[in-house]
Amino acid sequence: MHFDKRSRRAALAVLGVAAAGLSVVGGPAAAAQDFPANDEIVTSANVSHVVNVAPTGPLSGPASVGTDLAFSGDHAIVGNYLGFTIYDIKNPKSPTITSQVLCPGAQNDISVSGNLVFLSTDARRSDNSCNSTSQNDGTKPYWEGMKIFDITDKKNPKYVAAVETDCGSHTHTLVPDKKGKDVYLYVSSYGPSAALPKCQPPHDKITIIKVPVKNPAAAAIVSTPVLFPDGGHPGKPGTVDTGYVVPTSGCHDITVFPAKNLAAGACMGEGVLMDISDREKPRVINTVRDDDHFAFWHSATFNNAGTKVVFTDELGGGGAATCNAKIGPTRGANGIYDITGRGDERKLEFRSLFKIDRHQTDSENCVAHNGSLIPVPGKDIMVQAWYMGGVQVFDFTDSRAPKKIGFFERGPAADPNTGGGIWSSYYYNGYIYASDIGKGFDVIDINDPATNVARGHKWTELNVQTQYGYGK
């Protein structure tokens, strides 16, 4: 999700609540709950809803916003504007809460590597602690960037370190080194302003943090490569209805395929293909723009062979109703690109667009958002969140003719006081797991001949923006 930096930061003033140090709440106190009566769940015949765990404890209430997910063994780790929750999903039909960490700071985009959890802070805070308060006045001292936690004891996570980054960290991507000694974090941020001393324009770069696995407290910035020396896309004015393009000023999200030394960047005004052979010096190979269909290049997903990229357009920033007949099927959608050529001659070539075909009401925010591959060897199948448009599963094996497989959605009766739709939906070890902005944590099952073979694939760890192959 994104908003204009100034309006988004103003909205985050509600996060000015103080945590008493690093507040950790453990135990399975929050059992799964039934949906409120005003939810009207609808699914395709091959999809069923398994269970929901509603927001609870310190990570509930008006300031609670569910965000992204990562997975470690039998645990799902779910970000929230107020901190993060570790769920025990050993029994997917009855997930329980292992612990909750109260540590406010949007978006709290999350990833995991071994016993380390990484958390993005993209909101000006009074300091880097978990009892910080909102500091929206950019003329006063403030902090934003990356936080690192140790979850060796998942019932009692420990705050390890923090690294400040220019313009904060809206999202980040975990990138393993080639020797297994360090991990890198590619930090994506945007929204520079001359009024902000730590977020000055132009901001045509990303920030790379190196984290020594055995000494994470020594994490530090090692480079800030400029990806757009020419300034990138200048932007195009307009509205959600008439069409607009957000200027490139950094990236929104980056996905890497370490084994292939490739990265795909969704960088606001354009899509980018990068060579990351040198983890500290990524090189841009090719960029693409599509002003007719893309307003905000939001995220990217490789196929399993690393020969295609699905880019998402977050038209309306996640807050607009773009899944209707007025907007149509070719905006606020996925753009599917083939990677052609070799070496530095590789290019992203457009093949098709894909969008859910279920029209939503004008009160439902709906647009393409975060998703992941379903591990079906030889096929390109993806599950994806669409906010109040729910969850969609589709096949893009034929990149020119993607087709739908199944869906889940709560329908137009979602409670507007706790709604907001599904932020991320990812496939992990036999089930689809989803983080709903207001409703909490969902488990969904798909039973279809096209996807059932994926049940045999078992991950021990999953960060969706760090892609690994799963068979031929």
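Keep in mind that this is a model prediction, so the values were computed, not measured. Quick note: residue numbers are just sequence positions, from 1.
- Contact annotation: the side chain of P402 approaches that of I336 to within less than 4.5 Å [non-hydrogen atoms, C-beta and beyond].
- Between H369 and Y387, the distance separating the two ring centers is shorter than 6.0 angstrom.
- Proximity of a side-chain donor or acceptor of N303 to a complementary backbone N or O of G306 within less than 3.5 Å is detected.
- For residues 446-461, the pairs satisfying salt bridge (charged side-chain N to carboxylate O under 4.0 Å, His left out) are D445-R455, with sequence neighbours left out.
- With sequence neighbours left out, the side-chain contact (heavy atoms from CB on, under 4.5 Å) criterion links H457 to P375, W459, Y470.
- S424 and N370 share a donor-acceptor pair across their side chains, judged by distance under 3.5 Å alone.
- Between V240 and L315, some side-chain heavy-atom pair lies under the 4.5 Å cut-off.
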- prompt: What do the steps show when you test M146 against L185 for side-chain contact (heavy atoms from CB on, under 4.5 Å), and what is the final call?
  reply: CA-CA 9 Å; M146 289 297 310; L185 304 174; 3.8 Å; yes

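- A salt bridge does not link E144 with R124: every distance from a Lys NZ or Arg NE/NH1/NH2 to an Asp or Glu carboxylate oxygen is 4.0 Å or more.
- By the 4.5 Å heavy-atom criterion applied to side chains, F294 and V245 are not counted as neighbours.
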message: Could you walk me through whether W297 and D290 satisfy the side-chain contact (heavy atoms from CB on, under 4.5 Å) test, starting with their C-alpha distance in whole Å, then the side-chain angles of each, then the deciding distance to 0.1 Å, before giving a yes or no?
response: CA-CA 10 Å; W297 296 70; D290 183 354; 4.1 Å; yes

task: Test side-chain contact (heavy atoms from CB on, under 4.5 Å) on I339 and K347 and set out the steps.
output: CA-CA 6 Å; I339 301 174; K347 296 183 181 299; over 6 Å; no

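- The distance between the ring centers of Y426 and Y433 does not fall below 6.0 angstrom.
- Take D68 and apply the salt bridge (charged side-chain N to carboxylate O under 4.0 Å, His left out) test, not counting sequence neighbours, and it matches no residue.
- With sequence neighbours left out, Y431 forms a ring-ring contact (aromatic ring centres under 6.0 Å, His included) with no residue at all.
- No donor-acceptor distance shorter than 3.5 angstrom exists from the side chain of E314 to the backbone of G332, with no hydrogens or angles considered.
- For the residue pair N80 / S64, a side-chain donor-acceptor distance below 3.5 Å is found, with atom types taken as modelled.
- No side-chain heavy atom of I110 sits under 4.5 Å from any side-chain heavy atom of L69.
- Side-chain contact of N447 with N452: a donor-acceptor pair under 3.5 Å is present, judged by distance alone.
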- request: Apply side chain to side chain donor-acceptor pair (under 3.5 Å) to K154 and S99, showing your working.
  value: CA-CA 7 Å; K154 290 182 173 60; S99 60; over 6 Å; no

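- Under the 30°/60° scheme for interplanar angles, the aromatic rings of F149 and Y159 are found to lie parallel.
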Less than 3.5 Å apart, which donor and acceptor atoms pair up between the side chains of residues 220-236 and the rest of the protein, not counting sequence neighbours?
from : atom 1 : to   : atom 2 : distance (Å)
S223 : OG     : E280 : O      : 2.8
D230 : OD1    : G232 : N      : 3.0
H233 : ND1    : G235 : N      : 2.8
H233 : NE2    : D291 : OD1    : 2.9
H233 : NE2    : D291 : OD2    : 3.2
K236 : NZ     : D291 : O      : 3.4

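- Within the structure, disulfide (SG to SG under 2.5 Å) contacts touching residues 437-468 (residues at least two apart or in different chains) do not occur.
- In this structure, the side chain of S72 does not engage the main chain of H75 through any donor-acceptor pair within 3.5 Å.
- Donor-acceptor pairing under 3.5 Å is recorded for the side chains of D442 and H49.
- Side-chain contact check for T85 versus I77: every heavy-atom pair is 4.5 Å or farther apart.
- For the 3.5 Å distance criterion, the side chains of T152 and D150 qualify, holding a donor opposite an acceptor.
- The closest donor-acceptor contact from the side chain of N286 to the backbone of L348 lies under 3.5 Å.
- Between the side chains of Y186 and H172, no donor-acceptor pair of N or O atoms lies under 3.5 Å.
- For the pair V256 and L262, the minimum side-chain heavy-atom distance is 4.5 Å or more.
- Side-chain contact between P95 and V443 is present, with at least one heavy-atom pair separated by less than 4.5 Å.
- Residue pairs that meet the salt bridge (charged side-chain N to carboxylate O under 4.0 Å, His left out) test with at least one member in residues 94-103, sequence neighbours left out, do not exist here.
- A donor-acceptor distance shorter than 3.5 angstrom exists from the side chain of S435 to the backbone of T67, with no hydrogens or angles considered.
- Between S188 and H252, the side chains place no donor N or O within less than 3.5 Å of an acceptor N or O (distance only, hydrogens not considered).
- Counting only residues at least two apart or on different chains, the disulfide (SG to SG under 2.5 Å) pairs with a member in residues 255-320 are C251-C267.
- The side chain to side chain donor-acceptor pair (under 3.5 Å) analysis of residues 327-340, with sequence neighbours excluded, yields the pairs N334-Q384, D338-R351, D338-S399, T340-E349.
- Residue pairs meeting the salt bridge (charged side-chain N to carboxylate O under 4.0 Å, His left out) criterion with at least one member in residues 386-408, sequence neighbours excluded, are D357-K404.
- S44 and G406 get closest at one heavy-atom pair: OG-CA, 3.2 Å.
- Under the 3.5 Å distance criterion, the side-chain polar atoms of T43 are left unmatched by any main-chain donor or acceptor of S48.
- Two residues are said to be in side-chain contact when any heavy atoms from C-beta on lie closer than 4.5 Å; I356 and C323 meet this criterion.
- For D436 and R410, the salt-bridge test passes: some basic side-chain N is under 4.0 Å from an acidic carboxylate O.
- Between F296 and Y244, the ring center distance fails the sub-6.0 Å criterion.
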message: As a quick check of understanding, evaluate side-chain contact (heavy atoms from CB on, under 4.5 Å) for T173 and D253, giving each step before the final call.
response: CA-CA 8 Å; T173 303; D253 213 338; 4.0 Å; yes

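- Within the 3.5 Å criterion, the main-chain N or O of A295 finds a donor-acceptor partner in the side chain of D313.
- The number of heavy atoms from other shown groups lying within 6.0 Å of NZ (K178) is above 12.
- Among residues at least two apart or in separate chains, there is no ring pair (Phe, Tyr, Trp, His ring centres under 6.0 Å) pair with a member in residues 100-120.
- Ring-centre distance between F396 and F354: not below the 6.0 Å cut-off.
- Between the side chain of E270 and the main chain of M268, no donor-acceptor pair closer than 3.5 Å is present.
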Less than 3.5 Å apart, which donor and acceptor atoms pair up between the side chains of residues 201-217 and the rest of the protein, not counting sequence neighbours?
from : atom 1 : to   : atom 2 : distance (Å)
H203 : NE2    : S189 : O      : 3.3
H203 : NE2    : S189 : OG     : 2.9
K205 : NZ     : D166 : OD2    : 2.8

- prompt: Taking it one step at a time, do D278 and R283 satisfy salt bridge (charged side-chain N to carboxylate O under 4.0 Å, His left out)?
  reply: CA-CA 9 Å; D278 185 336; R283 295 186 301 109; over 6 Å; no

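- No donor-acceptor pair under 3.5 Å is formed between the side chain of N46 and the backbone N or O of I446.
- Checking side-chain atoms of T255 against main-chain N and O of A264 turns up no donor-acceptor pair under 3.5 Å.
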